[in-house]
Colleague: 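Questions regarding the structure given below will be posed in turn.
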Amino acid sequence: MQVQINTDRNIGSSSLSESLEPQLRQGLSIYEDKITRLEVHLRDDNAHKTGPADKTCTLEARLAGLQPIAVDHTADSVTAATTGALQKLRSALESTLGKLGRR
């Protein structure tokens, strides 16, 4: 599984990418053989000021032979936004791949 992390200019840092990638790989480890690429998009929705729920994480999982699955989550911090998006993606993958397994 290839992991590509994209950030806007207000969030971007290499140390953030280095800390998020292992968390994402571990969280999606049971789907690793199904996901060819995971795209992560992090943004600060109102960078000019601080406020509640202004960090958004969008995760897009590219699955072999299937349409991509995308989810997003907005929270107060990048970590919380990423954790929320990861939970949503795991649920979406479980649903999609579970349906395919029953056919």
Side-chain angles (χ1 to χ4, degrees):
M1 173 174 64
Q2 177 187 3
V3 178
Q4 180 180 356
I5 299 176
N6 304 296
T7 62
D8 70 8
R9 63 186 172 131
N10 300 305
I11 292 180
S13 79
S14 60
S15 62
L16 176 65
S17 296
E18 291 173 6
S19 66
L20 285 181
E21 187 171 342
Q23 175 189 358
L24 294 166
R25 285 186 181 279
Q26 181 181 11
L28 296 171
S29 62
I30 61 173
Y31 304 108
E32 190 169 14
D33 61 331
K34 305 277 191 245
I35 300 173
T36 57
R37 184 173 69 196
L38 177 68
E39 291 188 25
V40 183
H41 300 276
L42 299 168
R43 70 179 185 272
D44 188 341
D45 293 328
N46 57 351
H48 60 282
K49 61 182 180 177
T50 60
D54 68 342
K55 308 294 188 286
T56 300
C57 176
T58 302
L59 298 178
E60 182 178 341
R62 306 278 177 135
L63 303 171
L66 298 173
Q67 292 292 318
I69 297 175
V71 298
D72 63 4
H73 188 78
T74 303
D76 294 337
S77 69
V78 171
T79 302
T82 303
T83 301
L86 184 58
Q87 290 172 346
K88 288 180 180 181
L89 182 59
R90 286 176 54 101
S91 178
L93 288 167
E94 183 177 317
S95 176
T96 299
L97 297 173
K99 289 176 186 175
L100 290 173
R102 287 186 233 142
R103 289 184 184 174

Colleague: Would you check if the side chain of Lys34 reaches a backbone N or O of Ala64 as a donor-acceptor pair within less than 3.5 Å?
Modeller: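 Looks like no, no N/O pair under 3.5 Å.
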
Colleague: Between Arg25 and Glu21, does any NZ, NE, NH1 or NH2 come within less than 4.0 Å of an OD or OE carboxylate oxygen?
Modeller: yes

Colleague: Determine, stepwise, if the pair Val78 / Cys57 fulfils side chain to side chain contact (heavy atoms under 4.5 Å, CB included).
Modeller: CA-CA 7 Å; Val78 171; Cys57 176; over 6 Å; no

Colleague: Check whether any side-chain heavy atom of Glu60 sits under 4.5 Å from a side-chain heavy atom of Pro68, and report yes or no.
Modeller: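 Sidechains of Pro68 and Glu60: in contact.
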
Colleague: Quickly, which of Thr7, Asn6, Asp54, Thr58 forms a side-chain contact (heavy atoms from CB on, under 4.5 Å) with Arg43? Name it, please.
Modeller: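 The side-chain contact (heavy atoms from CB on, under 4.5 Å) with Arg43 is passed solely by Thr58 among Thr7, Asn6, Asp54, Thr58.
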
Colleague: Check whether any side-chain heavy atom of Thr82 lies under 4.5 Å from a side-chain heavy atom of Leu42, and answer yes or no.
Modeller: yes

Colleague: Applying side chain to side chain contact (heavy atoms under 4.5 Å, CB included) to Leu86 and Val71, what does each step give before you reach the verdict?
Modeller: CA-CA 8 Å; Leu86 184 58; Val71 298; over 6 Å; no

Colleague: Please check this pair: side chain of Ser95 against backbone of Ser91, looking for a donor-acceptor N/O pair closer than 3.5 Å.
Modeller: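 No.
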
Colleague: Answer with yes or no whether the side chains of Thr56 and Asp72 bring together a donor and an acceptor at under 3.5 Å.
Modeller: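 Note: Asp72 and Thr56 side chains miss the donor-acceptor criterion.
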
Colleague: Working to the nearest 0.5 angstrom, can you tell me the gap between His41 NE2 and Asp8 CG?
Modeller: 12.0 Å

Colleague: For the pair Ile30 and Leu93, evaluate side chain to side chain contact (heavy atoms under 4.5 Å, CB included) and give the outcome as yes or no after the intermediate values.
Modeller: CA-CA 10 Å; Ile30 61 173; Leu93 288 167; over 6 Å; no

Colleague: Just wondering, do Gln23 and Thr83 contact through their side chains at under 4.5 Å, heavy atoms?
Modeller: yes

Colleague: Taking the side chain as every heavy atom from C-beta outward, state whether Thr36 and Leu63 have any atom pair closer than 4.5 Å.
Modeller: no

